[in-house]
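Here the structure comes first, spelled out in structure tokens, and everything after it is commentary.
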Number of protein chains: 2
Amino acid sequence: MTLPYRLVIIEDDPTVRELLHDYLGRQPELACVLVADSAEALLAWLPDAVQPPQLILLDIHLPGRSGLDILPRLRQLAPTAEVVMQTVFEDSASIFEALRRGASGYLLKSTPLPALKAALLEVMQGGAPMSRAVARQVLAHFRPRPLAPSAVLTEREQEIVQNLVAGLSEKQVAQQLGISVQTVHSHSKSIYRKLHVSSRSELLNSLR
Amino acid sequence: MTLPYRLVIIEDDPTVRELLHDYLGRQPELACVLVADSAEALLAWLPDAVQPPQLILLDIHLPGRSGLDILPRLRQLAPTAEVVMQTVFEDSASIFEALRRGASGYLLKSTPLPALKAALLEVMQGGAPMSRAVARQVLAHFRPRPLAPSAVLTEREQEIVQNLVAGLSEKQVAQQLGISVQTVHSHSKSIYRKLHVSSRSELLNSLR
DNA sequence: GCGCTTCTCCCCTAAATAGGGTAGAGAGCA
DNA sequence: TGCTCTCTACCCTATTTAGGGGAGAAGCGC
């Protein structure tokens, strides 16, 4: 078989760390090249590493600098490494921040060890493993906000809103829908009145 | 065990359809309440259905109306149903459009039958199954765009861009940064020139 | 010093947008 | 038949944005 993937485990809880080390270290597909308890330890080790790690399993809440904070630095020092975040939190802020900063996977700590192993291997095969709850939140992020639009606005008005927030000018919206600019303007006036905003800026903000 | 999930399969290729029907129909966790070859058949059947379906496996490229097109209508007629899209395409436009319109999962047609079954069950458990390539594209969507801004624009200009795309007016940006409206305007002129756009609409579009 | 860039602010005109009206054509409903 | 709602389109004025110009101050490299 091919060489095992060089894996780094960063986890502050000694019990959990040993559990991960024991289990993942026994897998023939993985080789633990570093097991440490802090982000600082990882950053200090990276320049001395003979070979850069391919996989980094990173706890998100660590003493000192959090796993989130070191993500950008990590991408500088080990640009080829895939980072999988592990956390007990499933708040969307942490999730999106981690993804934005370049994590390739996001697993809850409740993930069973075999599933964790599978996730690590999936990352190396070009995947992006996410725990159920995480994947749902990521998906929900793409849905249009059901705030005001769906209930208050007419179908045509929602159509106009979609085009406006997509960045089209009123003129472009008019062309797109095959109606006059004045009509688009009339609709946007209604929209602004219904959503209690008074500019496209506010509209964008209210739908964020 | 609990009742099997009521599943609808929409697939135009007769061979594939029968394959899906055969395999998924044999699973004790699933009950195929409708197997059809077109989006129209599904829309026509829904009002007559004794019980609404819980799961809809929907091919994205269908003769007549595409699976994408009927998603909004589907969410009206069967708001509680979870929709899993299946396709040979993995272009990001289709993916994001499907997710935006309310799909709960996005699988490539290359997905093996057992994995397909697992994905369907995962949806019912609150998950959001995605094929590897799809998950990667979804994740990549959260990364900051390395397009023009970072390379071409100055630090201050990037700051202005962020505020502009956030939906603030030039006046608001001026207040935010503690400078005059004219200065903000000067910056945005430079930004437009550098990014080859000529309105905020185009700017939003170019950064999408 | 000199040139260059960046950030700041101002001038101008033209175009787009905001907000206030009015109004006709259709659809749906009591 | 009226009534209401929606979509359509136009009128008006005021504000904001776009795009052209110029210009001073500060910083950087040669």
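A quick note: this is a predicted structure, and the numbers were derived from the prediction, not measured. Order of the sequence lines fixes the chain letters, A, B, ..., with proteins taken first and strands second; residue numbering starts at 1 for each chain. Side chains are part of it too, since the values below use all heavy atoms of this structure and drop only hydrogens, waters and symmetry mates.
- The local environment of CZ in B/R17 is crowded, with over 12 non-hydrogen atoms from other residues, nucleotides or ligands closer than 6.0 Å.
- Considering A/R193, A/K189, A/K194 in turn, A/K194 is the only one that fulfils the salt bridge (Lys or Arg N to Asp or Glu O under 4.0 Å) rule with A/E157.
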inquiry  = A/T183 vs A/S186, test: side chain to side chain donor-acceptor pair (under 3.5 Å). Steps then yes/no.
reply    = CA-CA 5 Å; A/T183 303; A/S186 285; 5.9 Å; no
key: Under 4.0 Å protein heavy-atom contacts per nucleotide of nucleotides 8-22 of chain D, with B for base, S for backbone only and - for none   = BBB-----SSBBBB-
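- When rounded to the nearest whole Å, the span between CG of A/L195 and P of C/dG19 equals 12 Å.
- For A/W45 against A/Q51, the heavy-atom pair with the smallest separation is CH2-O, 4.4 Å.
- With no hydrogens or angles considered, a side-chain donor-acceptor pair links B/Q27 and B/K117 at under 3.5 Å.
- Atom pair B/Q172:CD and C/dA18:C1' shows a separation of 14 Å (rounding to whole Å applied).
- Considering only side-chain N and O atoms, B/T154 lies under 4.0 angstrom from the phosphate OP1 or OP2 of C/dC7.
- Residue B/E157 contributes atom CD, which lies 13 Å from atom P of C/dT5 at whole-angstrom precision.
- Classification of B/R136 and A/E82 as a salt-bridged pair holds, one side-chain N sitting under 4.0 Å from a carboxylate O.
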